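Input: a single structure, listed below in structure tokens.
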2 protein chains.
Amino acid sequence: MQQRTMKSRMMEKVKAIASECRLFENIRPEELCALLVCLDFKVGSFSRNDIIKMAGALFEGVGVVIEGQVSVVKENAAGERIVFSILKQGELFGEMAAFSGDRRWPATVIAQTDCSVMYVPSDKLVGQCEASCSGHSKLILNMLGILSRKAITLSRQLEFLSIRSMRGRIAAFLLEQHKKSGRATFMLDMNRNELADFLNVARPSLSREMCRMRNEGILDFHRSSMQIRDMAALKDAAQER
Amino acid sequence: MQQRTMKSRMMEKVKAIASECRLFENIRPEELCALLVCLDFKVGSFSRNDIIKMAGALFEGVGVVIEGQVSVVKENAAGERIVFSILKQGELFGEMAAFSGDRRWPATVIAQTDCSVMYVPSDKLVGQCEASCSGHSKLILNMLGILSRKAITLSRQLEFLSIRSMRGRIAAFLLEQHKKSGRATFMLDMNRNELADFLNVARPSLSREMCRMRNEGILDFHRSSMQIRDMAALKDAAQER
DNA sequence: ACAAATCGGTAACTATAGTTACGGATGTAA
DNA sequence: TTACATCCGTAACTATAGTTACCGATTTGT
């Protein structure tokens, strides 16, 4: 009785979180209920610091954080453990691995807090049920969208890091912001530390170079308020290596 | 009559190339014939240097090179045109954009030689036909696989470029090769120029650093023959920034 | 066998970026 | 308003990486 109550509470939680998760976007609540039944998903609960999935273990399905927070941790070539990302409820993990053909977890997933996660097996994700409910098609589209955007994001970051000079990276970034905002004056939405991390440079060096560009009349800025003053020079700067 | 012959010759060509394309992997020839009918794809032919698709134009579908060679060209932030990739027959383009939600070509596609390309509309890729032929499911799985592996490849490259020191990148690369081959002695399959491009460093600088590592007893190599002599030191080197 | 092309290593030099520590400006909390 | 924390800019220094040109070794083509 009490166990059944716990199970149905977890089911309610799964529904609530799934309805806000990109994997289940554009799926109406009734469709979602039917779909969740079809998906044959599993839920696991973990205590803080538990290892949810170990890298190299057999892959069972795409993970969704239902409660709490998890970190995805990878071992670099040197065997050093690096935090790849920290995920909160509604966020996915394992999505790049799900259809890659390599049936192992590529990274270790660790509970950052007490948490619950659900797993949706890859074959269920792309399968159809006897009822052929429309949720399945949307799920597939969502999965394709997730992977597409992931690839695009990675590609964008790679474009920045392929620029060897710091000035080139700064210029490319600001030109991108300018293109997005449509204006020569805009607010940066990262602090210096975050921008330095994003461009993979040292914060004091970033500051030095940005100030040089201001002194040369290319930019004008104060903290996160940014204005491009010499677009031609900025474009020249973005072209250098 | 002659036009019909040309059309059926092109159809034969499409079938032949499609059977070797990853998008149509694991699809039996009979399935493929039925599928190609369902897909409502288009074929375009172009002369050398023609613009096949202009960046920003409305996206119509994933492209497959049927004949010849095309280059995918992107404009960087500075407006400078950069060759992103050169594709030969059977290879795909536009696959990252197909389900990203942004309905425009993100890059320009140019005919490197006289060529033909086919376009498969995104909605046809994920759709089902009345016959629900099994080729559709495989197509979807293939598409998911292509995007997954693309993301994984980009992620791998990003891992290298996120290492700031040249020595760190070299070490990470060699440790990866060691892991792949299972041995401390292996052949590099890139020449120095290619390796320098891959690690995004200057060739003479790459040479200098590799030779220093050899002089320090970490490596032993002659041209593309490589041996790791001090694994611990190499791992230490891979950990630095 | 020989000439030409390609590849890889080197030197000398220039340029860039990282590091460490600090302090003023700004924001936040009491 | 004040104290504390955070953020950003700076200086002085060290370290690393890029550039240019060249040359010997190796490969390729005739």
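In what follows, chains are A, B, ... by sequence order, proteins preceding strands, each numbered from 1. Remember, it's a predicted structure, so these values are computed and weren't measured experimentally.
Whole-Å rounding puts the A/N200 CG to C/dT16 P distance at 19 Å. Distance CZ (B/R167) to C1' (D/dT16): 11 Å, rounded to an integer number of Å. Nucleotide D/dC7 holds its P atom 8 Å from the CD atom of A/E194, rounded to whole Å. B/R164 places its CZ atom 18 Å from the P atom of C/dT16, with the value rounded to the nearest Å. At whole-Å resolution of the value, CZ in B/R169 and P in D/dT16 are 15 Å apart. The distance between atom CD1 of A/I163 and atom C1' of D/dA17, rounded to the nearest whole Å, is 17 Å. In this structure, A/N191 atom CG and D/dA5 atom P are separated by 18 Å, rounded to whole Å. One interatomic measurement links the two molecules: CE of A/M166 to C1' of D/dG18, which rounds to 15 Å at whole-angstrom precision.
The distance from the CG atom of B/L144 to the CG atom of B/L147 is 7.0 Å, given to the nearest 0.5 Å.
Counting only residues at least two apart or in different chains, ring-ring contact (aromatic ring centres under 6.0 Å, His included) contacts with residues 67-100 of chain A comprise A/F93-A/W105.
Rounded to 10 degrees, the angle separating the terminal helix axes of the helix from C/dA1-D/dT30 to C/dA30-D/dT1, each built from five base pairs, is 60°.
Under the side-chain contact (heavy atoms from CB on, under 4.5 Å) criterion, A/A97 pairs with A/F59, A/P106, not counting sequence neighbours. Residues passing the side chain to side chain donor-acceptor pair (under 3.5 Å) test with B/R212 are B/E209, sequence neighbours excluded. With sequence neighbours excluded, the residues forming a side-chain contact (heavy atoms from CB on, under 4.5 Å) with A/S205 are A/M166, A/A202, A/R208, listed by chain and number. Remark: A/R149 engages A/I146, B/S100 in a side-chain contact (heavy atoms from CB on, under 4.5 Å) (not counting sequence neighbours). B/F160 pairs by the ring pair (Phe, Tyr, Trp, His ring centres under 6.0 Å) definition with B/F198, not counting sequence neighbours. For B/F221, there are no ring pair (Phe, Tyr, Trp, His ring centres under 6.0 Å) partners, not counting sequence neighbours. B/E67 is linked by a side chain to side chain donor-acceptor pair (under 3.5 Å) to B/S116, counting only residues two or more places apart in sequence or in another chain.
Phosphate contact (OP1/OP2 of D/dG9, side-chain N/O of A/R192, threshold under 4.0 Å): present.
Using a 4.0 Å cutoff on non-hydrogen atoms, the parts of residues 204-213 of chain B near DNA chain C are B/P204, B/S207, B/R208, B/C211, ordered by number. A heavy atom lying under 4.0 Å from DNA chain C marks the following residues of residues 215-230 of chain B, by number: B/F221, B/R223.
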Kindly list each side-chain donor-acceptor pair under 3.5 angstrom involving residues 174-186 of chain A, sequence neighbours excluded, with atom names and distances?
unit_1: A/E176; atom_1: OE1; unit_2: A/R156; atom_2: NE; d: 3.2
unit_1: A/E176; atom_1: OE1; unit_2: A/R156; atom_2: NH2; d: 2.8
unit_1: A/E176; atom_1: OE2; unit_2: A/R156; atom_2: NE; d: 2.7
unit_1: A/S181; atom_1: OG; unit_2: A/Q177; atom_2: O; d: 3.1
unit_1: A/S181; atom_1: OG; unit_2: A/H178; atom_2: O; d: 3.4
unit_1: A/S181; atom_1: OG; unit_2: A/R183; atom_2: N; d: 3.2
unit_1: A/S181; atom_1: OG; unit_2: A/R183; atom_2: O; d: 3.3

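Side-chain to base pairing of B/R203 with D/dG18: no donor and acceptor N or O lie closer than 3.5 Å to each other.
A donor-acceptor pair under 3.5 Å is absent between the side-chain atoms of A/R103 and the main chain of A/A57, judged by distance alone.
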